[in-house]
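Residues take their numbers from the sequence shown, with the count starting at 1.
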Amino acid sequence: LTSATLIPRLPAKREVIATTSAANTEGSHAGLVAYGKYTVDDLFRGLLLMSGNDTAVALAQAAGGVPHTVQLMNEEALKLGAYDTFVQTPSGLDGWQQLTSAYDMALFLRAALALPRFVKYDRTRRPARPDAPP
């Protein structure tokens, strides 16, 4: 749902500076460094290939802040017909009222697969090494 909501709103090459709160997000990490500069593409790869909660927060902050992004995600869920979903975090980490269903998650995947950028990220075999040639 994070991807389906934010890919259309954030340009791939836009640069984002990671905040301390994004870099220190609990749970799994892609390894963001506070004040590090990343493209939105980099952040989505960290989100989708490494399940980086830190990248989910950085993307949410880039889209207007975590509360705004959560609101957008809830609106997107309703638009997709995902009536069993209530989002409280952009990363999927549990909020005390956050919930979803397998059916709703299938709706989110279908919406994401309709986005060429999501498919491109999904087909990535492994994250790029920082020292790899372009």
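Remark: N74 CG to T5 OG1 distance equals 9.0 Å, nearest 0.5 Å. L10 contributes atom CG, which lies 7.0 Å from atom CZ of R117 (distance to the nearest 0.5 angstrom). With values rounded to the nearest 0.5 angstrom, L6 atom CG is found 9.5 Å from E76 atom CD. Atom CD of residue Q88 and atom CG of residue L99 lie 8.5 Å apart, to the nearest 0.5 angstrom. The CG atom of D122 sits 11.5 Å away from the CG atom of L115 when rounded to the nearest 0.5 Å. Residue R45 holds its CZ atom at 5.5 Å from OG1 of T39, rounded to the nearest 0.5 Å.
Taking the side-chain hydrogen bond (donor to acceptor under 3.5 Å, both in side chains) definition, one finds that T19 meets it with S21, Q61, sequence neighbours left out.
L113 and I7 fall within the same hydrophobic cluster, where Ile, Leu, Val, Met, Phe, Trp and Tyr residues are linked whenever their side-chain heavy atoms come under 4.5 Å apart, directly or through other members. A continuous path of Ile, Leu, Val, Met, Phe, Trp and Tyr side chains, each step under 4.5 Å between heavy atoms, connects V119 with L59, placing both in one hydrophobic cluster. Linking Ile, Leu, Val, Met, Phe, Trp and Tyr whenever their side-chain heavy atoms come within less than 4.5 Å leaves F86 and L107 in two separate clusters. Under the 4.5 Å side-chain contact rule for hydrophobic residues, L43 and V33 share a cluster.
Looking at L47, L48, L49 one by one, the single match for side-chain contact (heavy atoms from CB on, under 4.5 Å) with T55 turns out to be L47.
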- Message: Run V16 and K37 through side chain to side chain contact (heavy atoms under 4.5 Å, CB included) and show every step you take.
- Response: CA-CA 6 Å; V16 175; K37 194 182 291 187; over 6 Å; no
- Starting from the C-alpha separation in whole Å, work towards a yes-or-no answer on side chain to side chain contact (heavy atoms under 4.5 Å, CB included) for M73 and T2. CA-CA 7 Å; M73 291 171 68; T2 305; 3.2 Å; yes
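More than 12 heavy-atom neighbours from other residues, nucleotides or ligands sit within 6.0 angstrom of CD on Q97.
For residues 9-54, the set of pairs meeting the ring-ring contact (aromatic ring centres under 6.0 Å, His included) definition, not counting sequence neighbours, comprises F44-Y121.
No donor-acceptor distance shorter than 3.5 angstrom exists from the side chain of T20 to the backbone of A34, with no hydrogens or angles considered. A donor-acceptor contact shorter than 3.5 Å is absent between the side chain of D84 and the backbone of S101. Between the side chain of S28 and the main chain of S51, a donor-acceptor pair closer than 3.5 Å is present.
Heavy atoms only, all atoms of each residue included: T85 and F108 are closest at OG1-CZ, 3.5 Å.
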